[in-house]
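I have placed the structure first, in the form of structure tokens, so that the comments after it can refer back to it.
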Number of protein chains: 2
Amino acid sequence: MNTLSYGLLGLVARKESSGYDLMLRIQPFWQAKHSQIYPLLASMEDKQLLSSYWVQQNDKPDKKIYAITEKGLQKLREWMYQPIAPAVTKDELSLRTFCLWLAEIGVAIDIYEDRRSIYTEKKRFFENILEGIPEDSREFGSKTFSNYILATKGLMLAETELKWCDWVLSLLKQHQSSSSGQS
Amino acid sequence: MNTLSYGLLGLVARKESSGYDLMLRIQPFWQAKHSQIYPLLASMEDKQLLSSYWVQQNDKPDKKIYAITEKGLQKLREWMYQPIAPAVTKDELSLRTFCLWLAEIGVAIDIYEDRRSIYTEKKRFFENILEGIPEDSREFGSKTFSNYILATKGLMLAETELKWCDWVLSLLKQHQSSSSGQS
DNA sequence: GGGCCCATGTAACTTGTTACATGATTAG
DNA sequence: CTAATCATGTAACAAGTTACATGGGCCC
């Protein structure tokens, strides 16, 4: 069982869901495609950690709902006592930043403005989630406590990234104006 | 050519380096093992984007230093005009947080305290880097400008993660004391 | 004497991506 | 009429990890 499998198991444990829905809900924390998720769910069903049933829908394709089994819940509880792997971040922007010295300043500004708008959107995304969590669902012990603290983290990080973009842009624009007319 | 290859090319372009050194320097921005990096460097040499020579050392194993070629530099410049992929983050802690409702509060506290000390260390790491960058090496155009803005970002993010851990811990401890004696 | 750092490399495996395959409904 | 969303799945490939392999110097 890999980490993603446990993540899916954890989501199903809180609320039975379709593979498609799990794929969407796990995105903010673990970017995985449906083509990776569907086979994992199937193999967890083979191992009897999950059970499933089909739900017919009109106007939409039918969906397969997964629920956690007692065995799956047991497996999840054990997982809670295992050591936690450090976070892995892979951001092409950082690698691109290594090479900023060989780009024109206009290109550099475009790069960080693009990133700025991505994080503005991300900030809004987490703000919306937080607005949807009522005060009485924010205490430890409730299943939504996780949502509350994770959305808060997402928001805080998005704000920090935004602040950084603004700061970088201010440095770049300052340089641009101070050296205007020199080229 | 994948993203990691361009990242390595970008580092070599700023300073010729051994594979081992590149492996260490790229860690904060792209976690890759030496077993992935060495073959990539070899294949880039095959494509004549890099050249190499051996340096003999006493007391340490000999090392192979890579330098960028004109063709490699050309390739890097082209890369600067390509679209940038969004950041990918995979943090087991987030997935573990989904399942907090089925853990005891003591276990939860341990988890976030562990993470707290990791980010305290990370903060120090970036602070040290920043201290090593003199004022006059912080302007756009210099190769160290990248180091300056990336280290600043690393520091800002580490501080945010730290603040979040502290906040989560305060919620957990508050809950712990308010419900003490109830179990 | 045990373990870490330096330094390079390969082999076997797992994880993750892209592309293929299907198809109805809805919004612009 | 074009694209997106919902919904599931597989096949081929690329990316990344773990383990194997070697070996001197240094610190405790």
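These numbers were taken from a predicted model, which means no experiment stands behind them. Side chains are part of it too, since the values below use all heavy atoms of this structure and drop only hydrogens, waters and symmetry mates.
Atom CZ in B:Arg25 sits about 14 Å away from atom P in C:dC6, given to the nearest Å. Counting to the nearest Å, the P atom of D:dA14 and the CE atom of B:Met1 are 15 Å from each other. Atom pair B:Ile37:CD1 and C:dG9:C1' shows a separation of 13 Å (rounding to whole Å applied). With rounding to whole Å, A:Trp54 atom CH2 is found 17 Å from D:dC6 atom P. Put simply, CD on B:Glu45 is 14 Å from C1' on C:dT8, counting in whole angstrom units. Rounded to a whole Å, the CG atom of A:Leu40 is 15 Å from the P atom of D:dT8. Regarding A:Gln36, its CD atom lies at a distance of 15 Å from the C1' atom of D:dA12, rounded to whole Å.
Separating the CG atom in A:Leu150 from the CG atom in B:Leu93 is a distance of 8.0 Å, to the nearest 0.5 Å. In this structure, OG on A:Ser94 lies 9.0 Å from CH2 on B:Trp30, to the nearest 0.5 angstrom.
For C:dC6, one of the phosphate oxygens OP1 or OP2 lies less than 4.0 angstrom from a side-chain nitrogen or oxygen of B:Tyr20. Proximity of A:Gln57 to the phosphate of D:dA7: a side-chain N or O atom is located under 4.0 Å from OP1 or OP2. OP1 or OP2 of C:dT15 has not a single side-chain nitrogen or oxygen of A:Lys33 nearer than 4.0 Å. Contact between the side-chain N/O atoms of A:Tyr38 and the OP1/OP2 oxygens of D:dG9 is not found at any separation under 4.0 Å.
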Assess the residue pair A:Asn147 and A:Arg25 against the criterion (side-chain hydrogen bond (donor to acceptor under 3.5 Å, both in side chains)); give the C-alpha distance rounded to whole Å, side-chain angles, the decisive distance to 0.1 Å, and a yes or no. CA-CA 11 Å; A:Asn147 294 23; A:Arg25 286 199 291 149; over 6 Å; no
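Between A:Tyr148 and B:Trp167, the distance from one ring center to the other falls under 6.0 angstrom.
Remark: side-chain polar atoms of A:Thr69 are paired, donor with acceptor, to backbone N or O of A:Gln48 under 3.5 angstrom.
Residues from residues 6-19 of chain A with heavy atoms under 4.0 angstrom of DNA chain D, sorted by number: A:Ser18, A:Gly19.
Judged purely by distance below 3.5 Å, without hydrogens or angles, the side chains of A:Asn2 and A:Ser5 pair a donor atom with an acceptor atom.
Closest contact between the side chain of A:Leu4 and the listed nucleotides C:dG16, D:dT10, C:dT18 involves C:dG16. When the nucleotides C:dT17, C:dA7, D:dT8 are ranked by their closest atom to the side chain of B:Lys63, C:dA7 comes out on top. Comparing C:dG9, D:dC6, D:dA15 against the side chain of B:Lys64 picks out C:dG9 as the nearest.
Considering only residues two or more places apart in sequence or on other chains, A:Pro83 meets the side-chain contact (heavy atoms from CB on, under 4.5 Å) condition with none of them.
Taking for each of B:Leu24 and B:Lys90 the nucleotide of DNA chain C with the nearest heavy atom, the 5'-most of the two is the partner of B:Leu24. Mapping B:Met23 and A:Trp30 onto DNA chain C by nearest heavy atom places B:Met23 at the nucleotide closer to the 5' end.
A cation-pi arrangement, defined by a distance under 6.0 Å to the six-membered ring centre and an angle within 45 degrees of its axis, is present between B:Arg96 and A:Trp79.
Just one of B:Phe145, B:Phe29, B:Tyr6 meets the ring pair (Phe, Tyr, Trp, His ring centres under 6.0 Å) condition when paired with A:Phe98; it is B:Phe29.
A salt bridge is defined here as a Lys NZ or Arg NE, NH1 or NH2 lying under 4.0 Å from an Asp or Glu carboxylate O, and B:Glu159 with B:Lys122 fails to meet this definition.
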Which letters describe nucleotides 19-28 of chain C, given B = protein heavy atom under 4.0 Å from base, S = only from sugar-phosphate, - = neither? B---B-SS--
